[in-house]
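Not measured: the values here are computed from a predicted model. We name chains A, B, ... by the order of the sequence lines, and we start the count at 1 in each one. Below, all heavy atoms of this structure are taken into account, side chains as well, without hydrogens, waters or symmetry copies.
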Protein chains: 2
Amino acid sequence: MDTGLLNEVFQEASFSRAELSTVGACLKKIDLKKGEVLLRKGDTVAYTHYVHRGCLRSFVVDESGKDHTLQFAIKDWWISDYTAFFTGDAAMMSIECIQNTTLYRLSRKDMEQLYLDIPKLETFFRKKLEKRMAAFHRRTLGNLAMPAKERYQAFVKTYPSIEQQVKNYHIASYLGITTESLSRIRKELLH
Amino acid sequence: MDTGLLNEVFQEASFSRAELSTVGACLKKIDLKKGEVLLRKGDTVAYTHYVHRGCLRSFVVDESGKDHTLQFAIKDWWISDYTAFFTGDAAMMSIECIQNTTLYRLSRKDMEQLYLDIPKLETFFRKKLEKRMAAFHRRTLGNLAMPAKERYQAFVKTYPSIEQQVKNYHIASYLGITTESLSRIRKELLH
DNA sequence: AGCCTTTCTTATCCTACATCAATTTTTCGC
DNA sequence: GCGAAAAATTGATGTAGGATAAGAAAGGCT
């Protein structure tokens, strides 16, 4: 793996050349086409993934067949079912590519070893996790407090680049409403 | 601080006597009465708290004045606004005692120092955070998929001891429904 | 015990969003 | 560029849970 890419992945942390190369040896490049599934509900989750290019979404399908998008991931994001990744439980969600995508994956096993070799890395990922939790938290609180129209506006404001890239039915699924409702909301917002 | 209590707080981890006493020196006992507020929205969050006795809840109040309970904490739980605690941002939520409570608090500053002195402790708290995220995640996914009646049943099943201890309006606020709706649901469940 | 406050229940009506059912518009392979 | 499939829109109707307004129980406190 080249150093340029590694510096990109771990840009916030400052690792030595030796450390980067130790980490780099654990990352494996994966190319996926639009529509391909990275992780299926029920799977054991051995990896977390850094998104280098493309777009994915994590989602659950409930008993009544409704699809709920939990998160989109674009360049520079890490994505996995972290709950399952950390606990060893079966995945509660699925993850699919909604565009052609290039990922770098890191296994839980390698990660645990890396934590021992490079303590700074535990801090790096702990901070990632904290940030992710914060974002998820904010989103959940928003969902509680806001009607659908405001949730949509908040989404567009927070993730303009994602809003451009994904289908309306994915946005609707993220907002927890039907495409019909989203369509009506967008109409209203045009006055 | 006595060793018995410290062993209780850090029961899952195995720390040496010296480590425990280092940590113990950072914990401060706090007694609070029912109704007292531990943390107010907007505060800077300098502490996380281990619950030794009693019950607290974290909550947000939205623009329309509605109260949303995010989490209850009983004996053996840690509670704080972790987002704010870790990022340094102002608290997004408030935390209040709904029973007389005894806590042991740990400051972010001491925690960061302890991470350096006792690396195992970072692992201990990372695992706590992972578990918390998993629980919160599960709950959120449940909320997406389930109607109020099932959410209530799931709550009763998951937290029977909490269900006994707290008022119906707190449960309703946790489930994201009105007390009236909860009342109807409970009636239905009696056949 | 009796009074006052807090909590819980019940009934009626209402609203945001879902569901169902057509279209219309966009996208994309050939 | 054309036709089929996918995506988005629009309209009519349904429903879970909210809002409002009483009233009934259940705790305290003196």
(Q) Among residues 147-156 of chain A, which ones have heavy-atom contacts with DNA chain C below 4.0 Å? (A) Pro147(A), Ala148(A)
Q. Mind checking which nucleotides bracket the chain B contacts on DNA chain D, 5' to 3', with an atom under 4.0 Å from a heavy atom?
A. dG17(D) to dA21(D)
Q | For Val61(B), the rest of its hydrophobic cluster, which grows through side-chain links under 4.5 angstrom | A | Phe59(B)
Q.
Give me each pair satisfying salt bridge (Lys or Arg N to Asp or Glu O under 4.0 Å) with a member in residues 136-154 of chain B, each pair once, sequence neighbours excluded.
A. Lys149(B)-Glu188(B)
Q. Residues two or more places apart in sequence or in another chain: which of them pass salt bridge (charged side-chain N to carboxylate O under 4.0 Å, His left out) with Lys120(B)?
A. Glu19(B)
Q. Which pairs pass salt bridge (Lys or Arg N to Asp or Glu O under 4.0 Å) with one or both residues in residues 94-103 of chain B, sequence neighbours excluded?
A. Arg57(B)-Glu96(B)
Q. Taking only residues at least two apart or on different chains, which pairs with a member in residues 35-45 of chain A satisfy salt bridge (Lys or Arg N to Asp or Glu O under 4.0 Å)?
A. none
Q. By side chain to side chain donor-acceptor pair (under 3.5 Å), which residues pair with Lys75(B), not counting sequence neighbours?
A. Glu8(B)
Polar atoms only, N or O, under 3.5 Å: list the protein pairs with nucleotides 5-12 of chain C and their distances.
residue: dT7(C); atom: OP1; partner: Tyr169(B); partner atom: OH; Å: 2.6
residue: dT7(C); atom: OP2; partner: Tyr169(B); partner atom: OH; Å: 3.4
residue: dC8(C); atom: OP1; partner: Asn168(B); partner atom: N; Å: 3.1
residue: dC8(C); atom: OP2; partner: Asn168(B); partner atom: N; Å: 3.4
residue: dC8(C); atom: OP2; partner: Tyr169(B); partner atom: N; Å: 3.4
residue: dT9(C); atom: OP2; partner: Ser183(B); partner atom: OG; Å: 3.2
residue: dT9(C); atom: O5'; partner: Ser183(B); partner atom: OG; Å: 3.1

(Q) Quick check on the 6.0 Å ring-centre criterion: do Tyr50(A) and Trp77(A) meet it? (A) no
(Q) Listing request: all ring-ring contact (aromatic ring centres under 6.0 Å, His included) pairs with a residue in residues 14-38 of chain A, at least two apart in sequence or in separate chains. (A) Phe10(A)-Phe15(A)
Q: Not counting sequence neighbours, which residues clear salt bridge (charged side-chain N to carboxylate O under 4.0 Å, His left out) with Glu163(B)? List them please.
A: Arg186(B)
Q: Compute the angle between the rotation axes at the two ends of the helix from dA1(C)-dT30(D) to dC30(C)-dG1(D), each taken over five pairs, rounded to 10 degrees.
A: 50°
**Q.** Between Ser80(B) and Tyr47(B), a side-chain donor and acceptor under 3.5 Å
**A.** no
